[in-house]
Amino acid sequence: MGSWRRTSYCGEPASADIGKKICLMGWVQRRRDHGGLIFIDLRDRAGIIQLVFSPESLNNVHAKAHDLRNEFVVAVEGLVRKRPDGTENQNLPTGQVEIEVHEIRVLNDSETLPFMIEDDSDVAETTRLTYRYLDLRRPALQKKLMLRHKVAMATRNYLAENGFIEVETPVLTKSTPEGARDFLVPSRLNAGHFFALPQSPQLFKQILMISGFDRYFQVVKCFRDEDLRADRQPEFTQIDAEMSFVDREDVISVMEGLVVRMFNETGVKLNPPFPRLTYAEAVGRFGVDNPDVRFGLELKDLTRDLSGSGFKVFADAAAKGGVVKAICVPGGGAFSRKDLDDLTEVAVSFGAKGLAWVKITDEGWQSPIAKFLSDAEKDAIAKATGAVKGDLLLFGADKAAIANTVLGRLRLNIGNRLGLIPKDVLNFVWVTDFPMFEYDEAEKRHVAVHHPFTSPMDEDLDKLESAPLTVRAKAYDLVLNGSEIGGGSIRIHRSDVQSRVFEMLGIKSDEAHSRFGFLLDALKFGTPPHGGIAFGLDRVLSIMTASDSIRDVIAFPKTQKGTDLMTDAPSVVDQKQLDELFIRVAKKQSVAPSSTGA
RNA sequence: GGGGCCGUAGUUAAGUCGGUUAUAACGCUGGCCUGUCAAGCCAGAGGGCGCGGGUUCGAGUCCCGUCGGCCCCGCCA
């Protein structure tokens, strides 16, 4: 660089700058060498501008330009000038002007790249992740990370303005067996003892309320050692907040303000309050607790109408306390045999034993089960579902949980299949009144639907032991377009209630004390009523940016196997490191030399 | 733990029923070219098909195993 200093970004020069002498630094995006004139597109994070090198220019710049290659790093000094009439590039923000280069310094060269730095290049994700530093040069990815920065800043500003204080909580903390699997960190100073990375700062933020901070927030990494998905990474970022002396409505209204502020960064104006659904409504009408309310195809309950049906599957489901429900697919009568087979496969994969369907045709009800249905039943079904000629009815008859899940998933599948889901729409919905517990068949005990520190509803408190599955929690989720982007609750602030909940979860008193003793103790020393919420920043951003995967809004994401292709983490470590930690590896790791990639 | 899809030049893909020297585009290298912006024209260099075994006279093509990537179920309080 020598004494040169950049005077502007490549994306900045405009007509107003014509005649100015400027200095730019950036990467060579592309070279167009006409033998005479040479054009170089110079790129930095702000944009692209065209440099012009004329054979008549001084300082040998034309020869130097001839030798430039993609991704060379250069500094240029030159004059901003108007492009000749008719050569303006309307596709470029800087397209009215160009830089007449007077002097150029090549700051670094570059080998030929494994892929082009272009937004529309279709490169295997393996290659992109191996060379993530190159992938991150793509303007689209830079824009996403810049938006991420802006959203985080907007969050901090909004919460600070509203009296929230950002407090850092430990990353090395205590393992809490409830919930997700922990990432463990061995303690060298305490042989055989382990820290856990936090699944969330849940207990610390409650402790901060007990300490009197009143309003807390943090933009914080959380860790869960579970299998990955398109919308799940083992480390992810939460916007975590907690408030004292509040009820659900206080939390929701403050947080709606936050969501407005976040989406304001994308130019979207939201108008809270957002719609509400209770958990029971969400599951009843949409089959899931994270309903995508952008389209219809709602589930209709036919249990009463079909409890006496001649179709044994329906009658049995009703008799055993289950449900019979259906969705009506408008125009679905045109579905082929293969379509129906596909849908059956989907239904079975979510636990159905099969999929009963009816096509309503000109000739009447066409279906393997039509002969079992009486005219009265058909009338009742048609009335409840609104089905008319040309429609398809799909039935779920099972325990409520299975029937709802199956139909809920079919609903999404069909919504996608038929293009019923509008893009460019943001449909928020709060889901409230979650059940406190559900019964875990595998573990033979009740588990918390939200988490063990969630307060039961006051009016359900006396049913805690007698009818635990009917107890509702003061929990709420914010769902956006079918994706859970946030969740929280009013917490238990009385140690006696907390103890009763632990008891219901099958956590014995001594066990509770060894795991959460600090919280149980703290609850005894003047704990204010409090509650809060956490938003999944990565999920919010992937919806904002219409990304297919959460990986696109994370600078250095992990693969589905939880590895980092750029650094090659995780890796084996020296025996010496293990010895210091008193760790012996039980099963010899398979030696896995990488056979693909760089 | 399970189901599905996919690995062929640097990249993206084609490769028929197993059959000569494995195609193309982009990129790359060199040349020509003074208004291009996916510059153009000409010439050229790149791979032995993720890896290992097997069947066969003969294997990108078939079989088995394995490694890796993606999507999903389970899991994710």
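The sequence lines fix the lettering, A, B, ..., with proteins before strands; numbering per chain opens at 1.
Nucleotide B/C70 forms a pair with B/G4, judged by Watson-Crick or G-U wobble geometry with both contacts under 3.5 Å. Nucleotide B/A43 forms a pair with B/U29, judged by Watson-Crick or G-U wobble geometry with both contacts under 3.5 Å. Nucleotide B/U61 has no partner under the Watson-Crick or G-U criteria, as no pair reaches both atom distances under 3.5 Å. Across the strands present, B/C17 finds no partner; the criterion is a Watson-Crick or G-U wobble pair with both atom distances under 3.5 angstrom. Base pairing of B/U55: no nucleotide in any strand meets the Watson-Crick or G-U wobble criterion (both distances under 3.5 Å).
Within 4.0 Å (heavy atoms only), A/R491 reaches no atom of the nucleic acid at all. Nucleic acid contact for A/P114: sugar-phosphate only, since backbone atoms but no base atoms lie under 4.0 Å from a heavy atom of the residue. If you check every strand for non-hydrogen atoms under 4.0 Å, A/V52 touches nothing. Residue contacts for A/V447: at a heavy-atom cut-off of 4.0 Å it reaches no nucleic acid atom on any strand shown. Note on A/T454: nothing from the nucleic acid sits closer than 4.0 angstrom, heavy atoms only.
Contact check, A/S54 against B/G35: no side-chain N or O comes under 4.0 Å of OP1 or OP2. A close approach under 4.0 Å does not occur between any side-chain nitrogen or oxygen of A/R81 and OP1 or OP2 of B/G35.
On the C1' atoms, B/U61 is 11 Å away from B/G19, given to the nearest whole Å.
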Once each nucleotide of nucleotides 36-44 of chain B is scored for protein heavy atoms under 4.0 Å, what B/S/- sequence comes out, 5' to 3'? BBSB-----

At under 4.0 Å between heavy atoms, how does the protein contact nucleotides 70-75 of chain B? Give one character per nucleotide, 5' to 3', with B, S or -. BBSBBB

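The distance between atom CD1 of A/I117 and atom P of B/U11, rounded to the nearest whole Å, is 14 Å.
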